[in-house]
Amino acid sequence: MRYVSSKDLQPGMVISSNLYDNNEKILLKANTQLTEYFINRISKLQFDGVYIFEKDDVAKARQIVSDETRMKAINKLKRLDINACIFLANDIVNEIRSSKSLIIEQMSLSSYDSYTYVHSVNVDVLSVIIGIGMGLRNEELEKLSQAALLHDIGKCDVPLEIVNKPAKLTSEEYEEMKKHPEYGLKRLRDGRSQGTEEIHAVVKNAVYSHHENWNGTGYPRGLKGEAIHLFARIIHVADVYDALTAKRAYKDASNPSDAIEYLMANSGSMFDIDVVNTFIKYLAPYPIGCDVLLSTGQQGTVIENNEKYLSRPKIKLTSGVIIDMMKKLNVTILKILN
Ligand SMILES: [Fe+2]
């Protein structure tokens with residue numbers, strides 16, 4: 001599925017999750033085909049967008065967290081409803097813990113518009129998977145999830161033309177953008193006076209520190225190594241991975257195998273090596289549906305991943321023949337084609 005902003009919806013598209021109003025009443029059911037009337041209602045009710053099915057992706061995307069939960073989180077983030085985000089962050093942990101498999105198969109779920117919200121939810125899901133891989137207990141996972149969902153909440157205090165600029169930022173704009181961890185911390189601190197429940201100190205710390213680098217070159221404090229809270233180190237890796245694999249107006253999306261290379265190349269400098277090593281156990285470098293070129297010169301599409309050896313999936317060749325790379329150890333994947 002794909003997140004499509006309200007202004008880009010077209011009649012005929014099919015939504016992939018139920019759509020709720022503010023009172024949790026169902027407005028539109030999953031699998032509804034959109035008409036002009038529904039599209040008008042969706043924009044009148046100020047939804048910024050919805051998840052829709054794309055051709056043949058129904059079987060492709062293994063759902064670790066439902067579109068419905070993702071949509072709810074996006075809408076609560078957009079409304080800056082911090083209390084509701086805290087509850088949803090805990091729901092996300094439960095959904096992930098009850099998922100049969102935690103292998104991340106998706107190419108990219110981000111879109112140009114509403115990028116910050118969709119990205120925040122992606123980062124949350126990825127962070128919790130890393131947290132599970134690192135053996136965190138449930139209460140810790142909940143706090144990690146809260147911090148990950150709220151990590152960029154401070155961007156709402158950065159001018160919109162900077163946050164949504166469809167091009168690279170100038171150095172002045174970048175300096176302003178770099179203040180968002182501080183703004184985020186302030187929002188979470190001030191929230192209490194606006195009726196938000198007290199947010200755990202660890203959550204605030206992680207939001208404030210999610211752009212710190214392992215070697216001390218990050219911001220805002222230039223902290224080093226384990227002086228950076230583990231949750232911030234996890235969110236940092238998930239954040240950069242999701243940003244790399246997202247298509248933005250000014251850049252193409254990296255494919256997962258290139259993004260994995262980037263994380264590995266920068267572990268020990270930008271990133272905590274243990275966090276990166278845990279993450280890559282869950283990342284399919286060749287997600288189901290991607291087209292690949294093999295060392296034999298043949299081309300094909302990945303149809304199934306081997307959870308233990310993610311670099312050796314099953315591939316359907318253009319000739320229709322299926323090869324299991326676990327049984328053809330002399331064949332390697334040279335590159336992703338799409
Ligand atoms: Fe950030």
Side-chain angles (χ1 to χ4, degrees), residues 73-74 76-78 80 82 85 89 92 108-128 130-131 143-189 191 199 202-223 228-251 254 259 262-263 266 269-272 275-276 279:
I74 289 167
K76 300 302 179 193
L77 278 170
K78 191 184 161 200
L80 294 174
I82 292 173
C85 285
I92 287 172
S108 168
L109 294 175
S110 305
S111 65
Y112 297 149
D113 296 296
S114 312
Y115 173 74
T116 303
Y117 312 116
V118 178
H119 168 71
S120 295
V121 180
N122 290 347
V123 169
D124 186 1
V125 175
L126 300 177
S127 298
V128 172
I130 300 172
K143 287 182 201 110
L144 169 62
S145 180
Q146 294 166 15
L149 188 59
L150 295 167
H151 77 279
D152 272 345
I153 195 90
K155 283 194 182 168
C156 65
D157 297 313
V158 175
L160 215 59
E161 60 273 21
I162 297 180
V163 178
N164 288 340
K165 188 177 175 185
K168 269 211 154 128
L169 300 180
T170 64
S171 54
E172 275 162 9
E173 288 165 340
Y174 183 55
E175 286 310 310
E176 177 58 26
M177 186 65 135
K178 276 168 71 179
K179 292 181 188 158
H180 77 270
E182 254 167 274
Y183 294 156
L185 176 66
K186 193 168 178 306
R187 281 230 163 234
L188 300 185
R189 270 190 188 148
I199 290 165
V202 154
V203 176
K204 292 181 208 162
N205 183 356
V207 168
Y208 187 46
S209 313
H210 73 273
H211 283 287
E212 299 288 358
N213 287 334
W214 182 256
N215 63 4
T217 58
Y219 60 89
R221 289 178 285 179
L223 297 180
I228 309 161
H229 193 278
L230 174 64
F231 294 178
R233 284 181 260 147
I234 292 175
I235 295 167
H236 189 28
V237 171
D239 182 18
V240 171
Y241 178 81
D242 190 67
L244 286 171
T245 54
K247 190 172 173 190
R248 305 297 304 275
Y250 54 89
K251 73 161 193 73
S254 296
Y262 181 88
L263 295 184
N266 289 287
S269 51
M270 272 174 92
F271 310 119
D272 176 346
V275 173
V276 172
F279 191 29

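If you're wondering where the values come from, they're calculated on a predicted model, not measured in any experiment. Indexing begins at 1, ligand by ligand and atom by atom, following the structure's order.
Applying the side-chain contact (heavy atoms from CB on, under 4.5 Å) criterion to Asn213, with sequence neighbours excluded, gives Asn215, Thr217, His236, Met270. Applying the side-chain contact (heavy atoms from CB on, under 4.5 Å) test to Leu185 and every residue at least two apart in sequence or in another chain returns Arg189, Lys204, Tyr208. With sequence neighbours left out, Asp272 forms a salt bridge (charged side-chain N to carboxylate O under 4.0 Å, His left out) with Arg233.
Checked by atom type, the side-chain pair His180/Asp157 shows no donor-acceptor distance below 3.5 Å.
In this structure, Cys156 and Arg187 have side chains that are in contact, with non-hydrogen atoms separated by less than 4.5 Å.
Distances from the Fe ion (ligand 1) under 2.8 Å pick out these protein N/O/S atoms: Asp152 OD1, His180 NE2, His210 NE2, His211 NE2.
A salt bridge links Glu175 to Lys178: one of the charged nitrogens lies within less than 4.0 Å of a carboxylate oxygen.
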